[in-house]
J.: 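Okay, handing you the structure first.
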Number of protein chains: 2
Amino acid sequence: MELAIDKLIEKIIEKKSPIVMGIDPRYEFIPDSIKNKYEKNLTGFAKASTEFAKKLIDYTYDIIPAIKPQLAYFEMMGPDGLIAFKEISEYAREKDLIVIADGKRGDIGTTSKAYSNAFLGATKINENEEKVYNSDFVTVNPYMGFDAVSPFVEDCEKYNKGIFILVKTSNKSSGELQDLYLENGKQVFEHVANLVESWGETLRGKYGYSSVAAVVGATYPEQLKKIREIAPHTFFLIPGYGAQGGKAEDISLGFDKNGLGGIINASRSLMCAYKSERWSGTYSEEQFAEATRAEAIRMRDELNLGIKLATK
Amino acid sequence: MELAIDKLIEKIIEKKSPIVMGIDPRYEFIPDSIKNKYEKNLTGFAKASTEFAKKLIDYTYDIIPAIKPQLAYFEMMGPDGLIAFKEISEYAREKDLIVIADGKRGDIGTTSKAYSNAFLGATKINENEEKVYNSDFVTVNPYMGFDAVSPFVEDCEKYNKGIFILVKTSNKSSGELQDLYLENGKQVFEHVANLVESWGETLRGKYGYSSVAAVVGATYPEQLKKIREIAPHTFFLIPGYGAQGGKAEDISLGFDKNGLGGIINASRSLMCAYKSERWSGTYSEEQFAEATRAEAIRMRDELNLGIKLATK
């Protein structure tokens with residue numbers, strides 16, 4: 001079986017597209033043409049989200065390698081939200097997309113094992129193993145150290161899955177902890193980058209990157225560059241492009257001479273392309289998925305050019 | 001309306017019991033007499049967990065102030081697990097127990113807001129606000145800094161809820177990040193303790209503690225003591241007692257002269273009391289809830305004595 005990271009990188013190469021579409025089904029993101037079909041309650045919200053996400057997948061699966069459903073948005077719909085998350089995940093996998101479950105999970109060992117069962121592995125009931133969400137990757141929080149991460153790593157080995165561990169996040173106050181200087185002169189995020197690089201040693205694939213990967217925001221290009229140096233075998237999930245302010249030239253600092261090394265997340269800019277200045281004149285609200293496709297192509301070309309110029 | 005932390009402390013005083021019962025429904029914890037009634041799949045697992053937890057609540061609600069369902073275990077049952085979590089939470093609230101949802105959530109601001117909607121606040125659908133899980137508290141991870149925490153704090157203010165932020169966790173490798181020394185000579189957990197103390201300033205109640213509280217493990221008494229000094233207005237959720245090795249005299253370091261300051265979690269030792277050396281001779285498997293009650297009383301008395309001796 002193929003390593004999860006190799007599978008992801010191959011899809012990036014095949015589709016010439018380093019983009020993952022974030023699925024953050026906020027109520028205000030969903031077009032009225034869909035919302036009006038459903039009841040105005042949590043169940044209706046979950047069903048509308050499912051229809052919305054499936055249509056976005058229909059219009060993009062040939063040009064993007066992966067989706068990243070954000071679990072928080074599904075969780076706020078109650079149990080029906082998790083049904084939606086499952087259905088969207090399965091639909092994406094049928095279309096041969098990689099699914100990155102964004103949950104930033106992590107707890108003491110036995111508890112992290114339960115999270116890993118949910119997203120990567122399987123839940124044991126006597127001798128039966130039942131797959132739950134069967135995501136390809138899940139995002140993980142490192143604050144509790146390695147025993148909170150190791151159950152995920154073990155399932156990466158056993159089930160050919162992957163994880164993205166938070167190293168440097170894209171938000172404004174990420175520095176409050178991550179940028180603190182340690183007594184050895186290094187910053188916390190550098191220390192974590194080192195840990196992630198070593199935790200992933202046994203899971204390196206044919207492109208030189210490990211299935212134990214990292215979240216590194218586009219909004220801090222200096223840190224992105226530093227982390228690339230510290231962790232040359234660590235693949236990056238890069239949030240913060242577009243709406244949050246990250247630019248193609250910033251992101252390219254995370255890439256190698258083959259133009260590989262990361263996948264860039266775009267959530268709002270893809271999901272809400274139909275509302276954007278750029279596309280709202282061209283596409284009606286009913287054509288929201290065409291607008292998302294157009295924006296995915298534009299973004300892909302912009303990113304590919306930026307990465308090519310920077311890494312040639 | 002009363003602050004969540006005051007409500008919790010009042011229940012601790014009223015029941016003379018600083019114990020929260022952790023609800024970690026691992027399959028092997030559930031007695032066969034319950035499991036055998038249900039199908040051997042995720043739905044059956046979720047239903048068995050619900051019956052198990054409700055019976056434990058029936059036998060303890062008059063002697064404990066709170067329960068702490070661990071979301072990871074519910075998540076690994078799929079969407080049915082969240083139905084179980086909701087049903088158990090509602091049942092506990094009917095019995096006037098405080099519900100601490102243990103999810104260790106946290107993400108960039110807009111996303112943390114979605115988590116907070118799920119556990120503390122409400123999900124807006126047009127003009128309607130729908131409560132989702134309506135927990136009293138949720139546990140939060142600080143790695144992303146204040147903008148990842150602030151949506152929870154805002155909902156604490158708006159809905160009279162509370163949060164427990166990870167400061168020093170009870171697991172073995174917690175020190176890999178939390179114990180690192182900063183250039184100013186302080187350790188990371190001290191820095192976080194300082195942050196938590198300040199984030200909670202506006203939510204301090206009549207006992208001097210804030211609804212913005214902290215997770216501090218019983219397994220590191222030195223650090224527990226230090227955090228109590230740094231953060232005198234910060235209430236502690238203390239895991240690691242019993243099965244993980246924390247003792248009553250260690251825990252008492254977190255308490256003030258009134259014998260207040262924290263609530264001690266016990267999961268396995270309460271849920272699986274019927275399997276323990278201490279109680280398995282007295283109670284049969286069918287009497288699992290009686291065993292849990294007996295252990296909760298024993299634990300309560302042990303902890304009260306330890307805290308009294310240390311804080312008098």
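To find a chain, count down the sequence lines: A is the first, B the second, and so on, and within it residues start at 1.
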J.: Does atom CZ (B:R93) have a neighbourhood of more than 12 heavy atoms from anything else shown, all under 6.0 Å?
T.: yes

J.: Do side-chain atoms of A:Y143 reach the backbone of B:V167 as a donor and acceptor pair under 3.5 angstrom?
T.: yes

J.: Rounded to the nearest 0.5 Å, how far apart are CD of A:E183 and NZ of B:K186?
T.: 13.5 Å

J.: Would you find a donor on one side and an acceptor on the other, under 3.5 Å apart, between the side chain of A:N128 and the backbone of B:N41?
T.: no

J.: Tell me, side chain or backbone of B:T110 under 4.5 Å from chain A's heavy atoms, or both, or neither?
T.: both

J.: Assess whether atom CD of A:E39 is packed by more than 12 heavy atoms of other residues, nucleotides or ligands within 6.0 Å.
T.: no

J.: Only pairs of heavy atoms separated by less than 4.5 Å count here; which of A:F74, A:Y27, A:Y115 has the most with chain B?
T.: A:Y115

J.: Tell me, for B:L71 versus chain A, whether the close heavy atoms (under 4.5 Å) come from the side chain, the backbone, both or neither.
T.: both

J.: Look at A:N117, A:V188, A:N141, A:T139 and state which one has the largest set of heavy-atom pairs under 4.5 Å with chain B.
T.: A:N141

J.: For residues B:N184 and A:Y181, determine if any side-chain heavy atom of one lies less than 4.5 Å from a side-chain heavy atom of the other.
T.: no

J.: Measure B:K113 against the heavy atoms of chain A and call it side chain, backbone, both or neither at under 4.5 Å.
T.: neither

J.: Measure distances from B:V149 to the heavy atoms of chain A and classify the residue's part below 4.5 Å as side chain, backbone, both or neither.
T.: neither

J.: Identify the heavy atoms of A:S173 and B:A148 that sit nearest to each other, and give their distance.
T.: OG-N, 4.4 Å

J.: If you count heavy-atom pairs under 4.5 Å between each of A:L82, A:L177, A:T111 and chain B, which one has the most?
T.: A:T111

J.: Heavy-atom distances under 4.5 Å only: say whether B:P142 touches chain A with side chain, backbone, both or neither.
T.: both

J.: With no hydrogens and no angle check, just 3.5 Å: does a side-chain donor-acceptor pair link B:Q70 and A:D107?
T.: yes

J.: What residue, out of A:R105, A:K86, A:K124, A:K168, has the most heavy-atom pairs lying under 4.5 Å from chain B?
T.: A:R105

J.: Any donor and acceptor pair, going by atom type alone, linking the side chain of A:T123 with main-chain N or O of B:M77 inside 3.5 Å?
T.: no

J.: What residue in B:V192, B:D24, B:L195 has the most heavy-atom pairs under 4.5 Å with chain A?
T.: B:V192

J.: Check each atom of A:F85 against the heavy atoms of chain B and say whether the ones under 4.5 Å are side chain, backbone, both or neither.
T.: neither

J.: In terms of heavy-atom pairs under 4.5 Å with chain A, which of B:D102, B:L180, B:D80 leads?
T.: B:L180

J.: Measure B:F119 against the heavy atoms of chain A and call it side chain, backbone, both or neither at under 4.5 Å.
T.: side chain

J.: Looking at B:G109, B:G121, B:A122, B:G78, which one has more heavy-atom pairs under 4.5 Å with chain A than the rest?
T.: B:G78

J.: Indicate yes or no: at least one non-hydrogen side-chain atom of B:Y133 is less than 4.5 angstrom from one of A:P79.
T.: yes

J.: Just so I understand: if I count every heavy-atom pair under 4.5 Å between each of B:G44, B:G145, B:A72 and chain A, which residue has the most?
T.: B:A72

J.: So which atom in B:V132 and which in A:E75 form the shortest heavy-atom distance, rounded to 0.1 Å?
T.: CG1-O, 3.9 Å

J.: Output the distance between atom OG1 (B:T43) and atom CD1 (A:I125), rounded to the nearest 0.5 Å.
T.: 8.5 Å

J.: For the candidates A:R26, A:K35, A:E28, A:K104, which exhibits the highest count of non-hydrogen atom pairs separated by less than 4.5 Å from chain B?
T.: A:K104

J.: So, does A:N171 use its side chain to make a donor-acceptor pair with the main chain of B:I108 at under 3.5 Å?
T.: no

J.: For residues B:A114 and A:M76, report the shortest heavy-atom separation together with the two atoms involved.
T.: O-CB, 3.3 Å

J.: Do you know which of B:K172, B:E176, B:Q178 makes side-chain contact (heavy atoms from CB on, under 4.5 Å) with A:M144?
T.: B:Q178

J.: Under the side chain to side chain contact (heavy atoms under 4.5 Å, CB included) rule, what do A:N126 and B:K40 come out as? Steps first, then yes or no, please.
T.: CA-CA 8 Å; A:N126 292 342; B:K40 302 283 172 290; 3.5 Å; yes

J.: If you take all heavy atoms of B:E130 and A:L42, which pair is closest and at what distance?
T.: OE2-N, 3.3 Å

